[in-house]
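Chain letters run A, B, ... following the sequence lines, proteins first and then strands; every chain starts at 1. A quick note: this is a predicted structure, and the numbers were derived from the prediction, not measured. Side chains are part of it too, since the values below use all heavy atoms of this structure and drop only hydrogens, waters and symmetry mates.
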Amino acid sequence: MKDDIAQIILGLTKSFKAMQIYGMNHSSFRHFFEPFYQTTAEYLKTHNEISFKVEKFQIVNVDQVVYKEEEMDMNIAFRLFKDGIRNISFLSGLTSDELLLFVDVISRPTKDWDVALGLWECNFTHITFYVIEAEEVLDYRVPDVPIQYVDYDEKLKQLILREKIDIDAVIVPDLDNQEVENLKTSISTEEKTAILPVVIKTLGDYLQTECSQEIIDGLIEILESCVNVKDFYNARRIAYKLKDIPDVNFIERFENETTIASFKETVNVPEDDVFNEFLAFIGFFGKKSIPFLMQLMPFIERSDRLNALRHRVAHMAMDDPAPVIAFLRSKEPGTVLDAVNILGLIKPTKIAQMLDPLVYHPNREVRLAVIDALGNAEEIDIVTKYINDPDVEVRIRSLRMLGKYKRPEIYPLLLERIKKSSFLGLEFAEQREIFSVLTANAGESFINTMREMLYKHKWFGQKKYRVMRRLAALALNEIGTEESLAVLKKGTQKRNNDIRLACESVLKERTK
Amino acid sequence: MNIYIAGKTVVALLYPLFKAVQVYDINNNVVISSAQKFMSGIGELLETFSSLEFIRYRDYVFFNKQRLKYEIDSYSNLQFMNTQLKALNIKSITFKRGVTQQEVIDFANIFKEDRASFQKLLGEKNFQHIAIELLKTEKEPEEPIENGQMTKRTYFKALKVTKNLMQNLWTGRPVDVKSSRRVIYGLVDSISRDEFGILALTTIKNFDEYTFNHSLNVGILALALGQRIGLDRKNLARLGTSGILHDIGKVEISKELINKIQKLTDQEWETLKLHSNYGVREILKTRGLDETSMFAIAVAYQHHWNYDGTGYPLREKEDEPTLFSRIVRICDSYDAMTTARGYQPVPYLPHFALRVIWSNQNRLFDPILAKVFTQLLGIYPVGSCLELSNGEIGVVMRQNPSAIDMPNVKIVVDSNNNKIDGRMVDLASHTEIKIIRPTYPQIYGVNPAAYFL
């Protein structure tokens, strides 16, 4: 047994020194700590408890000095003794984490560190200790009770009357099972519910009574810690309470590159609630933060979230889009894309002028975004430039946009296009889109053009007419006027199979 | 499993067995099944602990030298165990390795008997693996002096620190937060060692320095109530701190107003009510914003919120007081009622203060907490002065957890109205002495607090 205790003390001494030199995460510390824990746990299996008496410079186990250290700074006994610890016991069931925490607490630099408080706060299950307070003269005196000459019986009667006390009421304070359960639920709910929201509410309510600097500072302190731990739910609540207080700039401290860059993980958290709270919180941010938020966008993995952040930034830049415009010159297509999208949401008056340099941007996505942005801002003129874009998707998108807004001047242009034999080399989707734009932009005269295309072999050689007839039928259906539908109905009675089939198929679709 | 949990488990297994033998024959399935459950529960524990020892000291039950606390979920079991051990004059029971189911059933069967039969049957049975030690005298063993001294030292140290804290705030001097933390931890340890011992010291009232004693007393009462409902040490420390700091906002209110004897004007009353708000600010100033402060802030602000939604400061409908605030609400009211102050020169008797709390459950106080509080303090709380049927006057020194309306009293005035340093009487054991009524100690020139020092 003596040897076992010596081994345990040796393990403690080595772990204590290693903790001071290397810290708890270093492998060298682990090298000493693991055997220390093993020896201790093994001993406790058979003995249930090891108890050490702490003296000023030494540790005693069952009247035997088991530890003594000459060097004061490294003396474990003195460290414990100076803070009033007089006994330490390790109990069976001791876990590695508990012992690790114990070594950590006793190894910390002694200045301003109270080992007893440190151990107490660890709330150990298998380590007990006994602490004495510094001996001091305390006044154990019972205060004098002032002598009064009163009619106590009368006082008692008055009290019973005043408080309406039923002196005969039987008091049975036993809790029934339901009450015990309710109490337990109440305690566990309380333990699960964080105190922070209560404090925020309290401080906020206080501010409604009095605008106290201490309370404001307190809320700002909580706000900082909320942002540090990415608790945007509470951060937002605090921001809401502080926003109307004059001369308090509580948000400026977060509007910097480092803080905003630290939100990289937040924007990709799995929980939508957390992201939404984050989004709501940055709603309190000012223009200053726009560049940093723009830099955050490339890290967002989900498109819906990216879109949400773009909307938020658009809202922030509504009065002055300059910080966003600056990003149009970025070399990163993704960033340019974000900037274009945001400008599309803001719809500034000179958007066409701003986006004009990007019409021939090498990145297809950027060009698509420009079309959308301009389309949303109803700046269609530049969009026309895209109908000859080398990329089919860009061309289709531009056509769609042109179809959305009536632009009669585009009619001859497109008509010319479909007359060219190269038209038949286009994908059907694009061909269809061109017809849709024509339908949208052309007047009544377009029905005649389509009728001609449906019934005759106009413009094309005989071999290609089937496709054209189908497109013409679709266009007539899309126009949907009495006159255009009459053309289609008439077509169903034609002897020519292609004409009849094209007309029947669109009318059938229409009936559905 | 740690000793405390193990102890609670064994008591929880014993209780149904003891109850079963009171109703059924020892061969009945209910008894056998209870015994089997007990055996399977203690099997593993006996490998770890080698023996399972219960000791009764005063009204506490210790398991392998660790005190089992009266908590709501173990209250009935422990109360029964304590009552029976006391009735049978047993000091300790030890279950040793090798104990058999039959031995356990036989033991349970004699445990239900009265003292004389129990002692006779115990001699006949001669249990091999269950050791029973009887108390040698009727008299309860004296409390080790060290324990009482430690409790006293903890109380007065806490009082000193509380006083310093408030005085420093009043005068704008820095506050020693480290000392207050140590004091709280000392109080938590003290409550966990012997809640009745430290609760007794809350009878110390100070007319001149009401706020200090009141703050500390509320902290202690809250800790005792918190322990009874099963809060862990960490939460007890938070609750104790919150209790002590609940009225700290009063440092911002003039002493003249706080000590005013005459009825307060409406405006003065409104000013006084602001102490709940100021408390928040003072805690922020003193302690900053650690987690414990946050709990204390909530309590300082909410401790005049009533259970039915009334009270001050005004609150929104959905605002509920925290558990700690509901606890402090009760303890604050109780201590305030039982303490003499300028405008209340004759305080409420503890028994009646408790009745006020009882009759105001659901309205002012959380009804379940009000019940537990009554259970904790007993019908005649420690420090109460009682007129007894034999003409003597006794001061309640200690509760009987097994009979909350029959406490242990110290006779301080004899039947001829002479002040005496009389004997201790356990009213649960001396049923021939009845309580006539609680009375004012001042009538007899007695200060109950003096008997606890």
Nearest 0.5 Å, please: how far is CE in B/Met294 from CD1 in A/Ile195? 8.5 Å

Does anything in residues 216-232 of chain A reach chain B? List residues with heavy atoms under 4.5 Å apart, or say none. A/Gly218, A/Glu221, A/Ile222

Can you tell me how far the CD1 atom of A/Ile187 sits from the CD1 atom of B/Ile229, to the nearest 0.5 Å? 4.0 Å

When you look at NZ of A/Lys82, are more than 12 heavy atoms from neighbouring residues, nucleotides or ligands closer to it than 6.0 Å? yes

Is chain A contacted by the side chain of B/Leu369, its backbone, both, or neither, given a heavy-atom distance below 4.5 Å? side chain

Check this for me: A/Lys243, atom NZ, are more than 12 non-hydrogen atoms of other residues, nucleotides or ligands nearer than 6.0 Å? yes

Just give me the residue among B/Val356, B/Asn235, B/Ile379, B/Val183 that pairs up with chain A most often, heavy atom to heavy atom, under 4.5 Å. B/Val356

Walk me through it: do A/Glu121 and B/Arg181 pass the test salt bridge (Lys or Arg N to Asp or Glu O under 4.0 Å)? CA-CA 10 Å; A/Glu121 280 164 7; B/Arg181 276 167 66 205; 2.5 Å; yes

Output for pair (A/Tyr152 OH, B/Leu349 CG), nearest 0.5 Å, gives 10.0 Å

Pairs involving residues 290-300 of chain B, ordered by first then second residue, that meet salt bridge (charged side-chain N to carboxylate O under 4.0 Å, His left out) (sequence neighbours left out): B/Arg238-B/Glu291, B/Arg287-B/Asp290

Looking only at atom types and distance, does a side-chain atom of B/Gln375 sit under 3.5 Å from a main-chain N or O of A/Pro173, one as donor and one as acceptor? yes

Would you mind telling me which of A/Leu196, A/Ile171, A/Val180 has the largest number of heavy-atom pairs within less than 4.5 Å of chain B? A/Ile171

State, with a plain yes or no, whether a side-chain heavy atom of B/Leu284 is found less than 4.5 Å away from one of A/Leu203. yes

Taking atom NZ of B/Lys273 as the centre, does the number of heavy atoms from other residues, nucleotides or ligands within less than 6.0 Å exceed 12? yes

Return each pair, listed once, that meets salt bridge (charged side-chain N to carboxylate O under 4.0 Å, His left out) where at least one residue sits in residues 188-208 of chain A; pairs must be two or more places apart or across chains. A/Lys201-A/Asp205, A/Lys201-B/Glu316, A/Lys201-B/Asp319

According to side-chain contact (heavy atoms from CB on, under 4.5 Å), who are the partners of B/Pro448, at least two apart in sequence or on a separate chain? B/Val395, B/Pro441, B/Val446

Close side-chain approach of A/Ser186 to B/Arg326, heavy-atom, < 4.5 Å: yes

Mind listing the closest non-hydrogen atom pair of A/Leu183 and B/Ile72 along with its distance? CD2-CD1, 3.5 Å

Side chains of A/Val198 and B/Tyr301, heavy atoms from C-beta outward: is any pair under 4.5 Å? no

At a 4.5 Å cut-off on heavy atoms, which part of B/Tyr278 comes close to chain A: side chain, backbone, both, or neither? both

Under 4.5 Å, counting heavy-atom pairs only, tell me which of B/Arg315, B/Glu209, B/Glu47, B/Lys285 racks up the most with chain A. B/Lys285

Most contact-rich option vs chain B, by heavy-atom pairs under 4.5 angstrom, among A/Leu91, A/Thr193, A/Val131, A/Asp174, is A/Asp174

Rounded distance [0.5 Å steps], CZ in B/Arg233 versus SG in A/Cys122: 10.0 Å

Taking side chain as C-beta onward, heavy atoms only, is B/Arg281 less than 4.5 Å from A/Glu210? yes

Would you say that more than 12 heavy atoms from the other residues, nucleotides or ligands in this model lie under 6.0 Å from the OH of B/Tyr4, or not? yes

Counting heavy-atom pairs closer than 4.5 Å to chain B, which one of A/Leu44, A/Leu156, A/Asp166, A/Thr125 comes out on top? A/Leu156

Counting heavy-atom pairs under 4.5 angstrom with chain A, the leader among B/Trp358, B/Phe452, B/Phe373, B/Tyr75 is B/Trp358

Among A/Asp83, A/Asn177, A/Thr46, the residue with the most heavy-atom pairs under 4.5 Å to chain B is A/Asp83

Minimum heavy-atom distance between B/Ile368 and A/Glu179, given as atom pair plus value: CD1-O, 3.7 Å

Non-hydrogen atoms of chain A under 4.5 Å away: do they reach the side chain of B/Leu453, the backbone, both or neither? side chain

Toward chain B, the part of A/Ile165 with a non-hydrogen atom under 4.5 Å: side chain

So does A/Asp153 pair up with B/Arg437, basic N to acidic O under 4.0 Å? yes

Report yes if the side chains of A/Ile167 and B/Phe352 come closer than 4.5 Å at any heavy-atom pair, otherwise no. yes

Does A/Trp120 have B/Arg182 sitting over its ring (NZ/CZ under 6.0 Å from centre, angle to axis within 45°)? no

Region of B/Leu354 in contact with chain A, defined by heavy-atom distances below 4.5 Å: neither

Atom CD of A/Glu214 and atom CD1 of B/Ile283: how far apart are they, to the nearest 0.5 Å? 13.0 Å

